[in-house]
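Chain naming here is simple, since letters A, B, ... match the order of the sequence lines and numbering starts at 1 in each. None of the values given here were measured: they were computed from a predicted structure.
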There are 2 protein chains.
Amino acid sequence: MVDPMSPTPLYVQVADLLAAEIKSGGIASGAAIPSESRLQQEHGVSRGTARRAVALLVERGLVVTVPQRGTYVKPA
Amino acid sequence: MVDPMSPTPLYVQVADLLAAEIKSGGIASGAAIPSESRLQQEHGVSRGTARRAVALLVERGLVVTVPQRGTYVKPA
DNA sequence: GTGTATTTGTTCGTATGTATC
DNA sequence: CGATACATACGAACAAATACA
């Protein structure tokens, strides 16, 4: 769960949760991660925050976003 | 209420009021205390004074301040 | 993608009372 | 007596990050 008391920005927390889920295999290579709207609901954040979280994963090279399709876990 | 006539500095009075509210459970662990601007309004003091009050609570170890987020009651 | 609101961080200036030199 | 220093308190303004709509 995200922690409002943490000094870590919410979008970083969401990104870290997703990264952990990817690393553990909870989301397989090539599979889509939850949509922005799903991330909103699951973590109780705004869409802007969800978007930033995904953008962070893209920066880290963990996922690739395909316009009008979704965001997918990169193959190792 | 804060008393401008008291020899106790206003920022100490505000800090003591907040400390009492925390101790009594009026503000739970992990919950945010009022923002500086709210403390201004509630106690009729300047923001500088509100800031000093919060800083005092941080010194006492009662709360932690997260930049651009807020100030939260430390877990016991 | 944009715009707005909120919150803390920071820096000025001014005024007052107290204490010190 | 005058001059200085310090702490308190207020006011205003702006910056930056976060979050939401």
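If you check distances only, the side chain of B:Gln68 never reaches the base of D:dT18 with a donor-acceptor pair under 3.5 Å.
The CZ atom of A:Arg52 sits 12 Å away from the C1' atom of D:dC20 (whole-angstrom rounding). Nucleotide D:dA16 holds its C1' atom 15 Å from the CZ atom of B:Arg69, rounded to whole Å. If you take CG of B:Leu57 and C1' of C:dT8, they are 15 Å apart, rounded to a whole angstrom. What separates CD of B:Glu36 from C1' of D:dG11 is a distance of 15 Å, to the nearest Å.
Taking 4.5 Å as the limit, some side-chain heavy atom of A:Met5 sits within range of a side-chain heavy atom of B:Pro75.
Mapping B:Gln13 and A:Tyr11 onto DNA chain D by nearest heavy atom places B:Gln13 at the nucleotide closer to the 5' end.
Residue B:Val54 is classed as having no contact, given no heavy-atom separation below 4.0 Å to the nucleic acid. Looking at heavy-atom distances under 4.0 Å, A:Arg47 makes no contact with the nucleic acid at all. Using a 4.0 Å heavy-atom distance criterion, B:Gly70 is classed as a sugar-phosphate-only contact.
Comparing atom distances between the A:Val45 side chain and each of D:dC20, D:dC10, C:dT8 picks out D:dC20 as nearest.
Atom NZ in B:Lys74 sits 11.5 Å away from atom CD1 in B:Ile22 (nearest 0.5 Å).
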